[in-house]
Amino acid sequence: MGEAPHVRNPLPGAGGGQIGGIHVVSLAPGADLTGFRAAARRLIAANVPPEQVVWQTEAPSLFGTDTAPADGPPLRLPRAVTELIPMVVPHRDPERYGLLYALIWRVLASERALMEVASDPLVHRLHRMRKAIGRDLHKMHAFLRFRRVPGEGRERFAAWFEPDHHILEAAAPFFVDRFRALTWSILTPEGSAHWNGALAFGPPGRREDVPEGDGFEAGWRDYYESTFNPARLNLDAMRAEMPRKYWRNMPETAAIPALVRAASARAQAMIEKEPTMPAKRDPIRAVARMSQDEPDSLEALNAIIARSEPLVPGATQAVLGEGPVGARIAFVGEQPGDQEDQQGRPFVGPAGQLLSRALEEAGIDRREAYLTNAVKHFKFTLRGKRRIHEKPTAGEVSHYRWWLDKELDFIAPKLVVALGATAVLALTGKQIPITRARGPAEFGRPFEGFITVHPSYLLRLPDEAAKTVAYQAFVDDLRRAHALAA
Amino acid sequence: MRKATRRIDPAAGVFIFRSMDEKLARKLRILADAAKYDASCASSGAPKRKAGADGLGSTTGAGICHAYTPDGRCVSLLKILLTNYCLFDCAYCVNRRSSNVARARFSVEEVVTLTVEFYKRNYIEGLFLSSGIIRSPDYTMEMLTRVAKKLRRDHGFRGYIHLKSIPEASPWLIEEAGLYADRLSINLELPTEASLNRLAPEKDGAAIEGAMGQIGERIVQAKEERRRFSPAGQSTQVIVGADATTDEAMIRKSALLYGTYGLKRVYYSAFSPIPDASSALPPQAPPLRREHRLYQADWLIRYYEFSPDDVAGAADDGMLALDIDPKLAWALKNRHRFPVDVNRADREMLLRVPGLGARAVDAIIKARRHGRLRLDDVARLTSGLKRARPFLIAEDFRPTTLTDRLDLRMKLAEPAEQLSLF
């Protein structure tokens, strides 16, 4: 910011005279981080100790604008120091540059870890300055109020704020991040910031440049008044966090005197008032009805599931379970695949067709069984135009678990067959390897359990011989399950 | 009479509200008043976010208080109820169905408008939405979630959203709420099942803790899977002084809640006189300082390595002293562990010194690596030296007589009148 800084000897050519060693550095008004950095580099390069530097701020013209000497090499400083500097430079204390330079000097001389010694008087003072800047920034982000600028077209907002320190530039990015889609200006006595898709800084503004009011200020004051609890008056706490100097630029603070005056009377009235009898009749029927709000049938539950949105966006629709209420055997798969997602029915894709064939061979009538999935929406990654199935995470399985539980409550089967690891996870809450747990299982539910592989596993086996063996084992499992469910 | 003015922005194709009408303002007054007994106002803990090109809002992680009311409380979020009509009849609540307070109900659209327009003017960090139970817990929960969803979807809103979850609602509704909210909370309100039965007949302690468990589990899973589910965690509130629960029992309950459900915060709310109070409540409100002491004890457990047993040890008959803070109370009861040498003691013991905060302790540990600390050095690291002095040893200081003085408690106690009610 500002013009190039310059370091000069007030008595050029005087060499080693009595005051000849003094360097005067003149920096731009406000927070001249660039100027300070350049000056510090140069002074360190020239090995100038802090006590031989005079830092001129707020008066750049005093020494003219003669050409700045060449830059020094970058300084290698601990991170704690480089992070501190931009947080102290905006301080209005004229000694800030001198203190920072003294810190840099000591750190480079021998005290690399000086920043760790928070009890050192210099470090302590700089920490306090940093804290003051942090607080000033925080209060500006908190207490600045925008007002809508009347006019047609895009909405424009403007605010007037009076920070304690030179923080406008440091404070602006917060408002950009937050109000990127709006057009706004922040005016301060030292300068102004403007955002209209790009951030620009300009000359100081005046309070009168900001509209006198805003259509929402009365409503905001209403809110402020209503959220105050008169039984807990604590003015010290309020003033400590929101000092009076900020009040004049905050519309809601106009309500404070009246709130405070009335507080104790209001609180006393609440305490003294006798409990009243309910004036309205007791909504007995409504109260009784509210507990019957749970879905009371499979259709009601399915309506809720059908309405739901996929946890991972992309699926066309929720795929509901299929089969009669009261089915003796229920099958739980993983999640709908590409075909299922398009048709809205479970087990209609390649794995579903394989399951149908195996069920038939095992003597199970698919129409009399209940088939459903642990997860109700298809999750995939796009590869070209193909939608490649993606395994649901444990969190996604838990997310859908409630519906599965409820569904099975309505169906009330004698036996539930978990097809694959995801179904087992959904039914037991545990990750259990299928190969070891295959067969009858205890799910800790009101129905018997059975674990086998998912039919898509059979499709994925590369070797035809292995496929045949595995398929036969799958049919055998289904036959056993069928017998258990009988 | 104020009238709303609004028109369609030709560029954006959306309604732009220029002001609020009197009807909306009246609802706001009623529904803000009805929501203020919830102590939580935090807007912290959300992952850092910035507004998208067309969106609105950001979160910084730390939370911002945009104003303070004369009760010293922070105004960070627009804290309102969707409605204060309620079918429940909780004795401590201003909105119980048998109360005669004025009632109102916002539409989803109205809450969205207020949030967006207040946010644009930099009045708030976001929304904290709760509601009385209308029609049914499920219906109410769906309405709350609809507001959050509309803000996120239709307005690209990236500010903070805290939703009150209704534990009696179906679990899948909580699953959905967590997708849009930064924080979910369920208020336990009363720390024991017996008190719940007596004072909040429609509530069910098991349902409350079941829902907390569900939320807690989902938050952990989502973090592992890098998904978004209530990223700023969950919190709860308990009312202090509405039943006979002791401070010790309260703190033990909190420790259990932190441990079991991974709660971010337990808020303690001294039950406050409310308009149209129920006769089931004790006639006298508890001193606000009791609430303050509970917060301090809670803090000791979360950040100072105190156990619930330590807190119990600082209390008398289960109640914390009102005139001194619990850390000092513990120190006075454990004088044999003091004074502590700032140049040698380990972190755990330094944290036990009254007047030394966690930050001061960390600064001491760093600084003493580079030289022995004198009392002046310690004074620069903490603002609590006056309280710490009798309990510590520095290079040039030893509190020879102070620790044993019987009147130490009196010397260090706060004047009693400061935080009382009137």
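Everything numeric here is computed off the predicted structure, so don't read it as measured data. Here is the naming used below: chain letters follow the sequence lines, and residue numbers restart at 1 for every chain.
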A.B. asks: So which part of A:Y224 gets closer than 4.5 Å to some heavy atom of chain B, the side chain, the backbone, both or neither?
C.D. replies: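 Both backbone and side chain of A:Y224 come within 4.5 Å of chain B.
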A.B. asks: Keeping B:K36 on the side-chain end and A:S226 on the backbone end, is there a donor-acceptor pair under 3.5 Å?
C.D. replies: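 Yes; at least one donor-acceptor contact below 3.5 Å.
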A.B. asks: Test B:E291 against A:R232 for salt bridge (Lys or Arg N to Asp or Glu O under 4.0 Å), laying out the working first.
C.D. replies: CA-CA 12 Å; B:E291 176 190 293; A:R232 301 181 59 115; 2.7 Å; yes
A.B. asks: Between A:S398 and B:E175, what is the shortest heavy-atom contact and its length?
C.D. replies: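 Closest approach of A:S398 to B:E175, heavy atoms only: O-OE2, 4.0 Å.
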A.B. asks: Which atoms of B:Q214 come close to chain A, meaning under 4.5 Å heavy atom to heavy atom: side chain ones, backbone ones, both, or neither?
C.D. replies: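 It is the side chain, since no backbone atom gets that close.
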A.B. asks: Out of A:R239, A:R180, A:R401, return the one with the most heavy atom pairs under 4.5 angstrom to chain B.
C.D. replies: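 Result: the option with the highest number of such pairs is A:R180.
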A.B. asks: Whether A:E155 and B:K120 form a salt bridge (side-chain N of Lys/Arg under 4.0 Å from carboxylate O of Asp/Glu) is what I want to check.
C.D. replies: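 Yes.
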A.B. asks: Given a strict heavy-atom distance threshold of 4.5 Å, which part of B:I133 is in contact with chain A: side chain, backbone, both, or neither?
C.D. replies: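 Contact with chain A involves the side chain of B:I133 alone.
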A.B. asks: Run the salt-bridge test on B:R73 and A:E241 with the 4.0 Å N-O cut-off and return the result as yes or no.
C.D. replies: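 No salt bridge links B:R73 with A:E241.
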A.B. asks: Please assess A:W402 against B:L173 for the test side-chain contact (heavy atoms from CB on, under 4.5 Å), listing each intermediate value before the final yes or no.
C.D. replies: CA-CA 10 Å; A:W402 312 100; B:L173 296 172; over 6 Å; no
A.B. asks: Does a side-chain N-to-carboxylate-O contact under 4.0 Å join A:E396 and B:R218?
C.D. replies: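 Not counted as a salt bridge, because no side-chain N and carboxylate O are separated by less than 4.0 Å.
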A.B. asks: Between B:H370 and A:V117 (side chain of the first, backbone of the second, donor and acceptor by atom type, cut-off under 3.5 Å), is there such a pair?
C.D. replies: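 Pair absent, no side-chain N/O of B:H370 close to backbone of A:V117.
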A.B. asks: Parallel, tilted or perpendicular for B:F118 and A:W220, by the 30°/60° rule?
C.D. replies: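 Because their plane-to-plane angle is over 60°, the rings of B:F118 and A:W220 count as perpendicular.
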A.B. asks: So for A:P295, is it side chain, backbone, both, or neither that comes closer than 4.5 Å to the heavy atoms of chain B?
C.D. replies: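 Looking at A:P295, just its side chain touches chain B.
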A.B. asks: Relative to chain B, which segment of A:E111 carries a heavy atom at a distance below 4.5 Å: side chain, backbone, both, or neither?
C.D. replies: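 Contact with chain B is absent: no heavy atom of A:E111 under 4.5 Å.
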A.B. asks: Quick check for you: to the nearest 0.5 Å, what is the distance between A:H141 atom NE2 and B:N122 atom CG?
C.D. replies: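 Here the rounded value is 9.0 Å.
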A.B. asks: Distance from A:L311 atom CG to B:L179 atom CG, nearest 0.5 Å?
C.D. replies: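 Between atom CG of A:L311 and atom CG of B:L179 there are 5.5 Å.
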A.B. asks: Step through the shown structure and confirm whether more than 12 heavy atoms of other residues, nucleotides or ligands are within 6.0 Å of CZ on B:R359.
C.D. replies: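 Open: at most 12 neighbouring heavy atoms sit under 6.0 Å from CZ of B:R359.
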A.B. asks: Just verifying a value: how many Å separate A:M238 CE and B:Y68 OH, rounded to the nearest 0.5 Å?
C.D. replies: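 Between atom CE of A:M238 and atom OH of B:Y68 there are 12.0 Å.
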A.B. asks: Thinking salt bridges, do A:E309 and B:K149 make one under a 4.0 Å N-O criterion?
C.D. replies: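 So A:E309 pairs with B:K149 through a salt bridge.
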A.B. asks: Measuring only between side-chain heavy atoms, which start at C-beta, is B:R227 closer than 4.5 Å to A:T393?
C.D. replies: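 Side-chain contact under 4.5 Å: yes.
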A.B. asks: How close do B:A53 and A:A181 get, counting heavy atoms only, and between which atoms?
C.D. replies: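 That would be O-CB, 3.5 Å.
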A.B. asks: For B:A67 and A:E252, work out which heavy atoms get closest and say how close.
C.D. replies: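 Between these two residues, the closest heavy atoms are CB-OE2, 3.5 Å.
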A.B. asks: Does A:R221, at its CZ atom, have more than 12 non-hydrogen atoms belonging to other residues, nucleotides or ligands within less than 6.0 Å?
C.D. replies: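 Buried by this count: over 12 neighbours within 6.0 Å.
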A.B. asks: With a 4.5 angstrom heavy-atom cut-off, is it the side chain or the backbone of B:Y139 that approaches chain A, or both, or neither?
C.D. replies: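 Just the backbone, heavy atoms under 4.5 Å.
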A.B. asks: Please flag which part of B:E224 lies under 4.5 Å from any non-hydrogen atom of chain A: side chain, backbone, both or neither.
C.D. replies: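 Contact with chain A: none, neither part.
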A.B. asks: Which pair of non-hydrogen atoms, one from B:A367 and one from A:S119, has the smallest distance, and what is that distance?
C.D. replies: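 Heavy atoms only, the tightest pair is CB-OG, 3.9 Å.
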A.B. asks: Less than 4.5 Å to any heavy atom of chain B: does that hold for the side chain of A:L182, its backbone, both, or neither?
C.D. replies: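 Just the side chain, heavy atoms under 4.5 Å.
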A.B. asks: Hey, what do you get for CD1 (A:I304) to CG (B:D138), rounding to the nearest 0.5 Å?
C.D. replies: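 The CG atom of B:D138 is 6.5 Å from CD1 of A:I304, to the nearest 0.5 Å.
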A.B. asks: If you round to the nearest 0.5 Å, how far is CD of B:E22 from CG of A:D222?
C.D. replies: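 If we round to the nearest 0.5 Å, A:D222:CG and B:E22:CD are 7.5 Å apart.
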A.B. asks: Surrounding CZ of B:R226 (heavy atoms of other residues, nucleotides or ligands, distance under 6.0 Å), is the total greater than 12?
C.D. replies: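 12 or below, so no.
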A.B. asks: Select one option (side chain, backbone, both, neither) describing which atoms of B:I80 are under 4.5 Å from chain A's heavy atoms.
C.D. replies: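 Side chain only.
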A.B. asks: B:R121 pairs by side chain to side chain contact (heavy atoms under 4.5 Å, CB included) with which of A:R148, A:R145, A:R147?
C.D. replies: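 The side chain to side chain contact (heavy atoms under 4.5 Å, CB included) with B:R121 is passed solely by A:R148 among A:R148, A:R145, A:R147.
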A.B. asks: Examine whether an atom of B:R368 lies under 4.5 Å from a heavy atom of chain A, and if so say whether it belongs to the side chain, the backbone or both; otherwise answer neither.
C.D. replies: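 Neither part, no heavy atoms under 4.5 Å.
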A.B. asks: Using modelled atom types and a 3.5 Å cut-off, is there a donor and acceptor pairing between side-chain atoms of B:E225 and backbone atoms of A:G395?
C.D. replies: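 Checking the backbone N and O of A:G395 against the side chain of B:E225, a donor-acceptor pair under 3.5 Å is found.
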A.B. asks: Please flag which part of A:L114 lies under 4.5 Å from any non-hydrogen atom of chain B: side chain, backbone, both or neither.
C.D. replies: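 For A:L114, there is no contact with chain B at all, as no heavy atom is under 4.5 Å.
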A.B. asks: Report the C-alpha distance between B:E176 and A:S308 in whole Å, list the side-chain angles of each, state the deciding distance to 0.1 Å, and finish with yes or no for side-chain hydrogen bond (donor to acceptor under 3.5 Å, both in side chains).
C.D. replies: CA-CA 9 Å; B:E176 198 189 5; A:S308 71; over 6 Å; no
A.B. asks: Keeping the roles fixed (side chain from A:R178, backbone from B:S58), state whether a donor-acceptor pair exists under 3.5 Å.
C.D. replies: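 It does hold such a pair.
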A.B. asks: Applying ring-ring contact (aromatic ring centres under 6.0 Å, His included), name anything that partners A:F143, two or more places apart in sequence or on another chain.
C.D. replies: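 Counting only residues at least two positions away or on another chain, A:F143 forms a ring-ring contact (aromatic ring centres under 6.0 Å, His included) with A:Y246.
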A.B. asks: Name the region of A:H124, side chain, backbone, both or neither, that has any atom closer than 4.5 Å to a heavy atom of chain B.
C.D. replies: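 Side chain only.
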A.B. asks: Residues two or more places apart in sequence or in another chain: which of them pass side chain to side chain contact (heavy atoms under 4.5 Å, CB included) with A:E294?
C.D. replies: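 Residues passing side chain to side chain contact (heavy atoms under 4.5 Å, CB included) with A:E294: A:K406.
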A.B. asks: Working note: B:Y119 + A:F179, criterion side-chain contact (heavy atoms from CB on, under 4.5 Å); need CA distance, chi angles, decisive distance, verdict.
C.D. replies: CA-CA 9 Å; B:Y119 196 91; A:F179 304 113; 3.9 Å; yes
A.B. asks: Can you tell me how far CH2 of B:W172 sits from NZ of A:K376, rounded to the nearest 0.5 angstrom?
C.D. replies: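 Here the rounded value is 11.5 Å.
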A.B. asks: Quick check on A:R112: does its CZ atom have over 12 non-hydrogen neighbours (other residues, nucleotides or ligands) under 6.0 Å away?
C.D. replies: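 It does: A:R112 CZ has more than 12 such atoms within range.
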A.B. asks: Please tell me if the side chains of B:R380 and A:P121 come closer than 4.5 Å, counting only heavy atoms from C-beta onward.
C.D. replies: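 Contact flag for B:R380/A:P121 side chains = yes.
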A.B. asks: Considering non-hydrogen atoms only, spot the tightest contact between B:T69 and A:T227 and give its length.
C.D. replies: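 For B:T69 versus A:T227, the nearest heavy atoms are CG2-CG2, 3.9 Å.
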A.B. asks: Heavy-atom distances under 4.5 Å only: say whether A:L259 touches chain B with side chain, backbone, both or neither.
C.D. replies: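 A:L259 touches chain B through side-chain heavy atoms alone.
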A.B. asks: If we only count heavy atoms from C-beta on, is the A:Y223 to B:R29 side-chain gap below 4.5 Å?
C.D. replies: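 They are not in contact (no side-chain heavy atoms under 4.5 Å apart), so the answer is no.
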A.B. asks: Counting heavy atoms not belonging to B:R26, are there more than 12 under 6.0 Å from its CZ?
C.D. replies: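 No, the 6.0 Å shell around CZ holds no more than 12 heavy atoms from other groups.
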A.B. asks: Measure distances from A:E116 to the heavy atoms of chain B and classify the residue's part below 4.5 Å as side chain, backbone, both or neither.
C.D. replies: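 The answer is both parts of A:E116.
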A.B. asks: Is it true that atom CZ of A:R156 has more than 12 heavy atoms of other residues, nucleotides or ligands lying nearer than 6.0 Å?
C.D. replies: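 At most 12 heavy atoms, drawn from other residues, nucleotides or ligands, come within 6.0 Å of this atom.
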A.B. asks: Please classify the contact of A:F175 with chain B as side chain, backbone, both or neither, using a heavy-atom distance under 4.5 Å.
C.D. replies: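 It is the side chain, since no backbone atom gets that close.
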A.B. asks: Is there a side-chain contact between A:N229 and B:D71, using heavy atoms and a 4.5 Å cut-off?
C.D. replies: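 In short, these two side chains touch, coming nearer than 4.5 Å.
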A.B. asks: Of the listed residues (A:D214, A:I256, A:L235, A:V260), which shares the most heavy-atom pairs with chain B below a 4.5 Å separation?
C.D. replies: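 Between A:D214, A:I256, A:L235, A:V260, the count favours A:D214.
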A.B. asks: Find the one option among B:I134, B:T59, B:I64 whose heavy-atom pairs under 4.5 Å with chain A are most numerous.
C.D. replies: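 Result: the option with the highest number of such pairs is B:I64.
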A.B. asks: Answer with side chain, backbone, both or neither: which region of B:I124 has an atom nearer than 4.5 Å to a non-hydrogen atom of chain A?
C.D. replies: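 When you check distances to chain A, atoms from both the backbone and side chain of B:I124 fall under 4.5 Å.
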